[in-house]
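Below: one structure, written as structure tokens.
Note that these values count all heavy atoms, side chains included, but never hydrogens, waters or copies made by symmetry. Letters A, B, ... mirror the listed sequences (proteins, then strands); counts begin at 1. In this text the structure is predicted, and so the values were computed from the model without any measurement.
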Amino acid sequence: MNAKRRLFLKRGLSGSTVAVAAWAGLLTPQAALAVWPEKAFRGESVNQALNRALGQADAEESADIQLRAPDIAENGAVVPVTVTYKGKADRIALLVEGNDHPLTCLFDMGLATEISTRVKMGKTSNVLAVVESKGRLFKTSKKVKVTIGGCGG
Amino acid sequence: MSKIKIIAKSAGDLITVKTLMKHPMESGVGKDKMGRTIPAHFIQEVVVENNGVPVLTAHFSAAVSKNPYLSTKIPGRSGDEIAISWRDNQGNTDKASVSAR
């Protein structure tokens, strides 16, 4: 286990935790006061969205990312997706390649491992999970077939 | 009354947090039955806290499904106070918390 994490857990989550965590460099001001990344959500392609959200778009395929999503989504309005990363993820971006604006959500992982949510898909396409870890991007994708599109437009 | 449901269950040093937030998540593209555009109304930010410390921040677009579901695993122990708060594009906010079992 990473030394910072061990220290954090050892100290427990008492009242002075914020000060301890900040000192330990675990919490940057950005984590708690992040600005909503409007431009990234307006991005019309995967690369544009990634560049705007994470400052880069080149990502290496990684088997350390587990992306769970249904093979077939009967209702494109509610597609469950779960992303787990074996290492320490700093941020995770979830994109639906076939949507007009591919970026659906962006997570500042902080101390969290694994995220699961439900997204809207307009049509059959790849769902792409991009993990930012120590300044590098890793990705994996899965094709999800959509029988009834769910973007409501 | 808060429109946020939270389940926080601990196993050793890890808490699995599951939350469901009631919200229309309108993109601003859809129209109602009269043909009028429904204004954009969606949660933009969700923060998960453990004993007052933010441990996960999620930025959502309207492409997150209506009544957003979010699940995550965070470090913590039984008895920790897990809080979920959100803010939407219209400036509304909500917050709820539970004690991890």
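Between chain B and the options A/Val119, A/Leu106, A/Val79, the largest number of non-hydrogen pairs under 4.5 Å is found for A/Leu106. Of the residues considered (B/Leu70, B/Leu56, B/Ile74), B/Leu56 shows the highest number of contacts with chain A, using heavy-atom pairs under 4.5 Å.
In this structure, chain B has no heavy atom under 4.5 Å from any part of A/Ile92. Neither the backbone nor the side chain of B/Lys18 comes within contact range of chain A; no heavy atoms are under 4.5 Å apart. With a 4.5 angstrom heavy-atom cutoff, A/Val81 does not touch chain B via any of its atoms. Only the side chain of B/Leu20 has a heavy atom closer than 4.5 Å to any heavy atom of chain A.
Note on A/Lys143 versus A/Glu97: no salt bridge recorded, every NZ/NE/NH1/NH2 to OD/OE distance being 4.0 Å or above.
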Worksheet item: Would A/Ser116 and B/Ser71 count as a side chain to side chain donor-acceptor pair (under 3.5 Å) if you check the C-alpha gap in whole Å, the side-chain angles of each, and the deciding distance to 0.1 Å?
Response: CA-CA 5 Å; A/Ser116 184; B/Ser71 173; 5.1 Å; no
Worksheet item: Taking it one step at a time, do A/Arg136 and A/Glu132 satisfy salt bridge (charged side-chain N to carboxylate O under 4.0 Å, His left out)?
Response: CA-CA 6 Å; A/Arg136 292 174 60 195; A/Glu132 177 193 66; over 6 Å; no
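The environment of B/Asp32 atom CG is dense: over 12 non-hydrogen atoms of other residues, nucleotides or ligands sit within 6.0 angstrom.
Here the side chains of A/Leu103 and A/Arg52 are not in contact, with every heavy-atom distance at 4.5 Å or above.
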